[in-house]
Each structure stands twice: as C-alpha cells, then as structure tokens.
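A quick write-up on the structure given underneath.
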Amino acid sequence: MKIWIKLLLLLTFSGHVFAQQPAKPLTVGITLHPYYSYVANILGDKGRVLPLIDSGFNPHNYSLNPADIARLNQLDALVVNGIGHDEFVMLAVERVNPPNLTMIYANKDVPLLGHGDKYNSHTFVSVDASIRQVYSVAKALGKLDPSNAKYFSKNAFLYAKKLRSLKKNVQNILINKDLSKVKIASTHNAYGYFLQEFGLTVSAVVEPAHGIKPTASQLQKTIDEIRKADIDVLFTELNMTNSYIDVIEKETGIKIYHFSHMTHGEYAKGMVEEAMRHNINKLAEALLYAANKVS
Amino acid sequence: MPNYNKPKGQAKVIREIIPTDSGSQENRYFFLTLLGVVLFAIILLWTTVHKKNKPIRLPNQLINLATQLSIASDEIAMLQEAGLLSQELTLSELHENQIEPFISEVMIAASTNCFVVIKQPIILRLIKLPELNWQVQWRSIDNENSHTHDDEQPKHYADFCQADSFWLATAYTEN
C-alpha cells in the first residue's frame, strides 16, 4: 500500500515539475523578419526560432507550400502580425489546425493606426510599437514555458532598453531644430507609426498600395500635390526599385530618403536593431536637411 | 336657410345625402402611416446596432502616447515585481526610472496608482485596477466633464480615477 502511495506522490510531483518545465525547449515560428529578431532576443538560449517561410519572399502575396506546412507542425507557438501583413498564414493555420500550436498575436496590445475598418499593419517599423510587441510576445512565451518566464521578461526588458536608446539621435535634433514647417511624403503608408513617435505626420502618400505603381494620371496628380503642398522630403522603401520615384524627384526637386521596411534579407537576431538604426539615421539626416531648407 | 316662421304642418323635409364610402382612402393613409412608423423603427434599430458594432477609436494622433503608456504598464509591473518600484507609485519614482511617457509628457498623479494625461478632448489614464493590474484606458472629455481643463485644480483629477463604463481600452484587436 505504502509503495502505491509513494508512487502516486511521485507521479503527482513529477507531473507538477513537467507542467512547470517543458520537456524540450520551445520551437517558436515567425512569419515576418522583425519577429525573428524579437523572438531570438527574448528566447536567448532557451528556445529556437523557426521562420515559417524562407527569406526572399514577399509576405504580402505569399502562399504556403508543403514544406512550410511541415514546419507549421513542428511549432509550439507561432508569432504573427495578425492585422494584415501575414494573411497567408491565417488560412493555412485554420486549414491544417496543428494540435499543439499556440498562436501569439504580436499586435494584441498595440494601439493601432487606421481608418474605418482597416488597420495599418506596419507596427514593426516603429520603435515603440516594436517594444510593445516584444513585451506581449515575451508574456505569451512565459505562459508556455513558466519556468523561463522571468528569463524571457528580463530579456524583453533589456532588448526594449536597447531599442529605445536608438531614438536619442533624432530626439536631439527635434529638441534643437524647428520642424513645425517641415512637410513629409512617403511612398506607402508604412512609416506612420515610426514618424508619429517623433511627432511627425505624413502630408502625402504616393503609392495607392504597397508595391503597386501609380498610373500615369495618379503620378501626375501626386507630382501636382507635392508641388502644391510644398513637400520637403519623400521617404521610400529601401531594396525596392521604383522608377517613378526618380520621376517625382526630377519633376518636384524634393529630396528622397530610403527607409528599411524590415521584411527583406536574411533572418537575423540583430536585424531589427540594425534596420532601426538605419531608419533613425536617415530620418535625422532628412530632418536636418528639411529644417535647413524651411529656415 | 330654414324658415322658422313657417307653421309646423308645413315644415319642409331636408334630405341630406351621405355618399357611401368604402374607407379605402382612410385605409391607405392608415397603412402608409403604419409603414412609416415601421420603417422609422427599422432605421433607428439599424443605426443603434451599427453604432454599437463600430469600434470607438482613439484618435490617430494619440496612438504613440497610448503605446508608450501601454509599455509603461508592463515595465512598471515588472519593476514592482522585482522590488525596484514601490507599490504606491509616485511621479518622481517614474521620472527617476526614466519611464516613458513620464519624462516627456505632463502626466498628473490623480490618485494613488492612477496617472492621467489630458490631450483635449481626450483623457488617457494609466491605472492599477484590482485583478487587472496596470491598464491604459481613454475617454473623451464630454460635456458633463467640460469643467476639466489643463489649469484645473488637482483635486478634480481624482474623478478620473473612478471605475465606470466610459473608459475604453487602447488596443482594439480581437485576438
């Protein structure tokens, strides 16, 4: 009898331990490049990040192939944008319905920019919205692996601190220059969150939608609008050849600056930090140019 | 005009002919009125339901401030758990720990563990609610609270720390 009680206690206790500590480190899937960086920084050496699609594909119009579906079945969790940037995965998850998969909606706690029923899904380009997502992902991963929850929170905190420190460069310019008359345009609405965190707003958006070239009449209209609104700088996407941008530059004389959209290249732990540093430096450069121009 | 001076026996009979009416015109008016009332009710109902389903959104220009407050809610909870912040927070503690937006915005300590920032006509609050921990909420300063301005005496700010259904969450995603 005693042996049975001991065995029962042992089983109960071991069950508790297993509930606290997963048998193997977490395998966390991601749909977009920035989420690779977020998750890699949060997990540290306590888990593995697995991109759902190979690098080099545009998430806007991607459809999953059998290899991607196989990857989906290996995951403990999948971090998604969930507000329009990775719709390709939503349908697949619904169809395949992997039994052990936990969906983590990175934008769950992010206050979103939008008009009508549509949200701007480019939250990952902004420093603050990225930090918000990092904390939400860290909390969700901590629930999946409670024994490492504090470790994930600490990593998220340190990563957030690192990202926030990148903003200082532009903040110093904002303090010292009068930018109230500076007018900004962008090729598509990817930089709304990013610019807003520096108190800047976009006066004109050139592309009708991401990657869609404006027609000749739309382009003429844009050129007229840029001239009329007296736009000083235009922000466009790095790694995207837009010949019409050259036309706008030539016709209006405005200065073009390139921002990283963070959805190209290889998946890397330091990608977000590097891309944000690039964007912030470009923004600082653009603001200095525009401030001198308007003054 | 009837002749009242005439003797009774010679009274003339006045015959009034009332045309028979099926009442179709009255029926038409009745049914048109009824239809109007029903249509009005449907429109009213549709508008009410539509209004309820439509999310009330925080103005776009306040999105970043709300994001910073939302980040602060997590960081405060984390630092309190680590014992690096007191359980009854003060503005100076938040300043010392460089927590945004407390260092860049005029935040008001309205009550214990309740901080507000007013951006007319919107007010945002970061509040520690029982069971829900730190929350970021917002509401518009409507007519009933029109007395509240940036230069108002601090004692009134405590009203913004009451629990009521007017306060909305800053994140809208359904997930």
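Chain identifiers are assigned alphabetically (A, B, ...) following the order of the sequence lines, protein sequences preceding nucleic acid strands; residue numbering begins at 1 within each chain.
Contact tally against chain A (heavy-atom pairs below 4.5 Å) for B/Val136, B/Leu79, B/Ile71: the top residue is B/Ile71.
Residue contact with chain B, scored on non-hydrogen atoms closer than 4.5 Å, involves the side chain of A/Ala160 exclusively. In this structure, chain A has a heavy atom under 4.5 Å from the side chain of B/Ser73, while its backbone stays farther away.
For the pair B/His95 (side chain) and B/Phe102 (backbone), a donor-acceptor distance under 3.5 Å is present.
Screening residues 178-198 of chain A for salt bridge (charged side-chain N to carboxylate O under 4.0 Å, His left out), with sequence neighbours left out, gives A/Lys167-A/Glu197.
Ring orientation note: the planes of A/Phe198 and A/Phe194 are nearly perpendicular, at an angle over 60° on the 30°/60° scale.
For A/Arg132, the side chain to side chain donor-acceptor pair (under 3.5 Å) test picks out A/Ser136, B/Ser70, B/Asp74, with sequence neighbours left out.
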